[in-house]
Amino acid sequence: MVLVLVVGDTWVPQRSCGVPEVFRKMFVPGRIHKILITGSVGCKEMYDYLRTIAAEVHCTASEVDRQWTESFPESAVVAVEGVKIGLIHGHQVVPVGDKDSLAALQREMDVDVLVSGGTHHSKYFEFDSRLFVNPGSLSGADDAVGADVPPSFMLLDVQDKSVVTFIYQYQPENTDDEAAHTDDGAAGTPSGLKIKKKEWVKEY
């Protein structure tokens, strides 16, 4: 089993002041094996914080991050167990987040799972037997049109050719009754924290 944290679009300090404390408490160093960052981190300090969570970190280039580093690649392919995961920022896709454009890029990269960002909104879908995930904005940074965005991230539990995805979204204005919980009904989930579970298996 390999745990992969998928985050992106933090935009700290340009559009957000930081990662919600409820998320920070979950990111205990040593529990997560790899981190995939779709870019738009915002600053070196934010990137350095993310690097404390896991030893292996992959991050792709974005316009805002080029202001402080030129070291990030345009894309990356990471092998995890029996699955190849592709990582991009999302600016390569026109229009941003377009399903068909993402599928074309997935085929070009020859990956089983494609991780992309750029929209600030989390999204999970399967297409042509492949998996596509967008973690949204870890900090809840405003999107391109200035709309409010709930902070979110994804955690991939990869075992051989199986990927179980946990989608976390934080909306602190929710009441206790509205707050979702894990599928197994575990108690103690903070108010406003929504968790969804999805499973995908490579069958080709």
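Please read all numbers here as calculations on a predicted model, not as lab measurements. In this chain, residues are counted from 1 in sequence order.
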Is there a donor-acceptor pair under 3.5 Å between the side chain of [X] and the backbone N or O of [Y]?
X: Thr60; Y: Ser75; result: no
X: Asp65; Y: Ser40; result: yes
X: His33; Y: Leu3; result: yes
X: Ser16; Y: Gly140; result: no
X: Lys44; Y: Trp68; result: no
X: Ser101; Y: Val94; result: yes
X: Trp200; Y: Ser129; result: yes

Measuring only between side-chain heavy atoms, which start at C-beta, is Ile88 closer than 4.5 Å to Met109? yes
Should Thr38 and Leu87 count as side-chain neighbours, where that means a heavy-atom distance under 4.5 Å? yes
Under 4.5 Å between side-chain heavy atoms, counting indirect links through other Ile/Leu/Val/Met/Phe/Trp/Tyr residues: same cluster for [X] and [Y] or not?
X: Val12; Y: Met26; value: yes
X: Val83; Y: Leu156; value: yes
X: Val96; Y: Val93; value: no
X: Leu193; Y: Val149; value: no
X: Leu155; Y: Phe27; value: yes

Go through the side-chain N and O atoms of His91 and Glu74 and say whether any donor and acceptor fall under 3.5 Å apart. yes
Leu102 versus Phe132, closest heavy-atom pair with distance: O-CE2, 3.6 Å
Roughly how far, to the nearest 0.5 Å, is the NZ atom of Lys197 from the CG atom of Asp157? 8.5 Å
Give me the ring orientation class for Phe153 and Tyr168: parallel if the planes are under 30° apart, tilted from 30 to 60°, perpendicular past 60°. parallel
Can you tell me which residue among Ser152, Pro20, Pro190 is in a side chain to side chain contact (heavy atoms under 4.5 Å, CB included) with Tyr170? Pro20
Across all chains, not counting sequence neighbours, the side chain to side chain donor-acceptor pair (under 3.5 Å) partners of Asp112 are Lys202, Tyr204
